[in-house]
Amino acid sequence: MSDNDKKKQYDEQEAPPMPTFSGNVMPMNVAIDVEEDDIGEETTRRIGGGGFNPSFNSTFEPVSFATQNFAPGSSVSTAPVKAAAVVVTATPSPPATKGGWELDEAPILPEFHPLDRASVFVPHSRAATVAQRISEVLRDRSIEAHFDNTKAKARCLTTYNVDFRVFLYRGQKQYSHGTIVEVQRRNGASVLFVQDTQAILEAAQGKIPPPPPPLGSAEIPLVSDSEDDYDQDDATASLSSLDFVAKMLAFQGYGPNLLALQTLSSLTDPAKMGISTSKKVSEALAQPNNTVGAKVFAIIVDKNSSEEQEGLRLLSMTVLSHVLQTTNGNIIAPMRETLRPVLLRELSASEKNPQMSYLACKCLEPLLQKDHAASDFYSALDSAQSIGEARHAGLRDQAEKCIRMIDSL
C-alpha cells in the first residue's frame with residue numbers, strides 16, 4: 001500500500017472524541033433536586049446578575065486557595081469524579097427559631113450550581129460554626145431571619161425591606177474541608193444591602209464585621225430646628241406626589257400598590273427627605289379625610305391579608321411608624337382605638353415576625369403617653385424584648401424603650 005493510500009485510509013477513520021476538563025464524559029441530562037426558591041428564575045435577581053460564571057471569590061475581598069487561584073468570572077467545575085459522591089443528604093434538624101442558627105450539617109454544593117459573586121469559601125470550618133456566626137451578625141444588624149436546617153438556608157428581611165437568602169454548602173474534592181456561604185438578593189433594593197452582605201461574609205469567615213449603621217428613623221427630632229433650611233417648593237412638590245401615590249393605590253394589582261407604598265415610605269422618612277418635608281407629608285396623611293392615609297390604614301388593619309399582601313402590610317406599617325414618630329402620635333381617637341388591638345397582635349407574634357413587631361413597637365412608642373391602659377402592652381413587650389435579644393437587636397431596643405415608658409407613667 002502506498003503512502004497516499006495509507007493517509008487516505010487514516011483520514012476516513014472516525015476522529016477520537018474531544019477530552020473533557022474533568023476527565024469524564026459530560027452527562028447529557030443533569031437533574032438537580034432543588035426548589036425554584038433556591039435556584040430557579042430568581043437567580044436573575046442576584047447581586048451579581050444571572051450571567052456571571054461561578055466563582056468562590058467574594059464580591060468584596062478575594063479569597064486565596066492553597067491549591068489554585070480563581071480570577072473573577074472563572075468557571076469552577078463542581079462535578080464529582082464518581083456520581084455516587086453527589087448523593088449525600090444532610091441529617092434533618094428541627095427548625096431553629098428562638099435562638100441562633102442551630103445547624104448540624106450542610107448539603108454538598110449541587111453539580112453545576114452557579115454561585116453568586118456574593119459568596120465565600122471558609123476553609124477548615126464546620127457548617128455549625130459558620131451558621132452561628134451568621135445568626136449573630138443578622139441579629140446585631142436587626143435582620144429578621146427564619147432558618148431552614150434541612151436545606152441549610154436562611155430567609156432574611158432587612159429593616160429597609162430587602163428580602164434575601166443565605167445558603168450554606170459543603171465543598172467537594174479539594175474544598176471538602178470547608179463551608180461555602182452564598183448570599184442571594186430576592187426583592188427590594190438599597191445601598192445598605194451591600195454593607196449587610198459584606199458583614200455577613202466577613203462574619204462567616206470569623207472576622208470582625210463592621211458595626212451596623214444606626215436605625216435611621218428610630219430616633220428622630222419631632223420638630224424642625226430653627227436653622228432648618230426648609231424650602232417651601234420642596235414641600236409642595238412632595239405633597240403633590242401624594243396624588244401620584246393615590247392613583248397607584250387605586251389599582252388592584254400588587255405591583256402598582258408596592259410602588260406606591262415604597263414611594264410613600266421614602267416621602268415620610270426624615271432620614272431620606274429631611275424633617276420638614278417628611279413632617280408635611282405625615283401631617284397630610286394623618287388627616288381623617290386623606291384618601292392615601294385611609295388606604296394605608298385599611299391595609300394595616302386587614303386581618304385576612306394573603307401572603308402576598310403581607311409585603312404591603314409591612315410597607316404600610318413602615319409608613320405608619322414614620323407618620324406617628326414625626327407627628328408625635330397626633331391622630332384622631334377612633335384611629336387610635338382601632339390601632340391598639342392591631343399593635344398588640346403584632347407584638348404577640350414577635351417570634352413569627354420580628355420585623356413586623358419591631359415596626360409595631362415604633363408605632364406604639366408615640367402613642368403610649370396618651371393611652372388609657374398602657375399596661376395592656378406590658379406582657380407582649382416583655383416577650384418581644386426576649387425574642388429581640390436572641391434574633392433582632394432593633395426589636396430588643398425598641399421594646400425596652402416602650403417598657404421604660406410604661407414604667408414611668
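Side chains included, hydrogens not; waters and symmetry mates left out as well; all remaining heavy atoms used. The first residue in the sequence is number 1, and the count goes up from there.
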* Structure fact -> CD1 of Ile299 to CG of Leu320, rounded to nearest 0.5 Å, is 11.5 Å
* Do other residues, nucleotides or ligands put more than 12 heavy atoms under 6.0 Å from the CD atom of Glu136? -> yes
* To do: Evaluate the side-chain proximity of Val181 to Ser119: yes if any heavy-atom separation is below 4.5 Å, no if none is.
  => no
* Could you tell me whether the side chain of Gln325 and the main chain of Lys362 form a donor-acceptor pair under 3.5 Å? => yes
* Structure fact -> Heavy-atom nearest pair, Leu347 first then Cys361, reads CD2-SG, 3.3 Å
* Asked: Do Leu395 and Ser350 have side chains that get closer than 4.5 Å, going by heavy atoms?
  -> yes
* Identify the heavy atoms of Leu368 and Cys402 that sit nearest to each other, and give their distance. => CD1-O, 3.7 Å
* Chi angles and distances behind the side chain to side chain contact (heavy atoms under 4.5 Å, CB included) call for Arg396, Gln398 -> CA-CA 6 Å; Arg396 175 199 61 202; Gln398 197 66 37; over 6 Å; no
* To do: Measure the spacing between CG of Leu249 and OG1 of Thr291 and express it to the nearest 0.5 Å.
  => 10.0 Å
* So, do Thr159 and Ile143 sit near enough that their side-chain heavy atoms are less than 4.5 Å apart? -> no
* To do: Please round to the nearest 0.5 Å and tell me the distance separating atom NZ of Lys295 and atom CG of Leu285.
  => 14.5 Å
* Asked: Listed by chain and number, what are the side chain to side chain donor-acceptor pair (under 3.5 Å) partners of Thr268, not counting sequence neighbours?
  -> His322
* Asked: Would a distance-only check, ignoring hydrogens and angles, find a side-chain to backbone donor-acceptor pair under 3.5 Å from Asp140 to Ala393?
  -> no
* Asked: Take atom CD1 in Ile208; do more than 12 heavy atoms of anything else shown fall under 6.0 Å from it?
  -> no
* Structure fact -> d(Ile200 CD1, Arg133 CZ) to nearest 0.5 Å is 14.5 Å
* At what distance, to the nearest 0.5 angstrom, does CG of Leu314 lie from CG of Leu261? -> 10.5 Å
* Asked: What are the two closest non-hydrogen atoms of Ala106 and Leu168, and how far apart are they?
  -> CB-O, 3.7 Å
* Please report the C-alpha distance between Glu102 and Phe147 in whole Å, then the side-chain angles of each, then the deciding distance to 0.1 Å, and finally whether the side chain to side chain contact (heavy atoms under 4.5 Å, CB included) criterion is met. => CA-CA 9 Å; Glu102 300 173 357; Phe147 305 116; over 6 Å; no
* Asked: Step by step, would you call Arg165 with Asp163 a side chain to side chain contact (heavy atoms under 4.5 Å, CB included)?
  -> CA-CA 7 Å; Arg165 306 286 184 270; Asp163 181 27; 2.8 Å; yes
* Of all the heavy-atom pairs spanning Val162 and Ala189, show the shortest one and how long it is. => CG2-N, 3.6 Å
* When you look at Tyr160 and Asp196, which way does the side-chain hydrogen bond (donor to acceptor under 3.5 Å, both in side chains) test go after all the steps? -> CA-CA 11 Å; Tyr160 45 88; Asp196 284 335; 2.3 Å; yes
* Please report the C-alpha distance between Glu182 and Lys153 in whole Å, then the side-chain angles of each, then the deciding distance to 0.1 Å, and finally whether the salt bridge (Lys or Arg N to Asp or Glu O under 4.0 Å) criterion is met. => CA-CA 10 Å; Glu182 181 183 26; Lys153 175 180 69 174; over 6 Å; no
* If you draw a 6.0 Å radius around CZ in Arg126, do more than 12 non-hydrogen atoms from other residues or ligands fall strictly inside? -> no
* To do: Check whether any side-chain heavy atom of Glu346 lies under 4.5 Å from a side-chain heavy atom of Leu343, and answer yes or no.
  => no
* Between Asn149 (side chain) and Ala152 (backbone), is there a donor-acceptor pair under 3.5 Å? -> no
* Structure fact -> Checking Arg141, Glu144, Gln355 against His392 for side-chain hydrogen bond (donor to acceptor under 3.5 Å, both in side chains), the one that qualifies is Gln355
* Structure fact -> All heavy atoms of Ser408 vs all of Met405, minimum pair found to be OG-O, 2.7 Å
* Asked: If you take all heavy atoms of Ala286 and Asn330, which pair is closest and at what distance?
  -> CB-O, 4.2 Å
* **Aromatic ring pairing Tyr175/Phe121, orientation class (parallel under 30°, perpendicular over 60°, tilted between)** => perpendicular
* To do: Determine the sole option in Leu324, Leu364, Leu344 for which the side-chain contact (heavy atoms from CB on, under 4.5 Å) test with Leu339 is passed.
  => Leu324
* Asked: Do Asn161 and Thr318 have side-chain heavy atoms sitting under 4.5 Å apart?
  -> yes
* Decide yes or no on side-chain hydrogen bond (donor to acceptor under 3.5 Å, both in side chains) for Glu389 and Gln385, but give the supporting numbers first. => CA-CA 6 Å; Glu389 183 68 35; Gln385 184 184 12; 5.9 Å; no
* Between the side chain of Arg313 and the main-chain N/O of Ile300, is any donor-acceptor distance below 3.5 Å? -> yes
Distance-only donor-acceptor pairs under 3.5 Å for side chains of residues 372-379, two or more places apart:
unit_1, atom_1, unit_2, atom_2, d
His372, NE2, Glu337, OE1, 3.3
His372, NE2, Glu337, OE2, 3.4
Asp376, OD2, Arg340, NH2, 3.3
Tyr378, OH, Asp407, OD1, 3.4

* Asked: Less than 4.5 Å apart, any side-chain heavy atom of Leu201 and any of Val183?
  -> yes
* **Note, Gln132 side chain near Ser135 side chain (heavy atom, < 4.5 Å)** => yes
* Asked: For Ser125, does its backbone N or O pair with a side-chain atom of Thr129 as donor and acceptor, under 3.5 Å?
  -> no
* Whether Thr277 side chain and Gly274 backbone form a donor-acceptor pair below 3.5 Å -> no
* Does any N or O in the side chain of Arg185 come within less than 3.5 Å of the main-chain N or O of Phe193, such that one atom is a donor and the other an acceptor? -> no
* To do: Begin with the C-alpha distance, continue with both residues' side-chain angles, and end with the deciding distance and a verdict on side chain to side chain contact (heavy atoms under 4.5 Å, CB included) for Val166 and Phe164.
  => CA-CA 7 Å; Val166 179; Phe164 68 98; 3.7 Å; yes
* **Donor-acceptor pair, side chain of Arg186 and main chain of Cys156, under 3.5 angstrom** => no
* Asked: Can you find a heavy atom in the side chain of Leu109 that is under 4.5 Å from one in the side chain of Arg170?
  -> no
* Asked: When you look at OH of Tyr254, are more than 12 heavy atoms from neighbouring residues, nucleotides or ligands closer to it than 6.0 Å?
  -> yes
* Asked: Could you state the interatomic distance from CZ (Phe167) to NE2 (His113), rounded to the nearest 0.5 Å?
  -> 7.0 Å
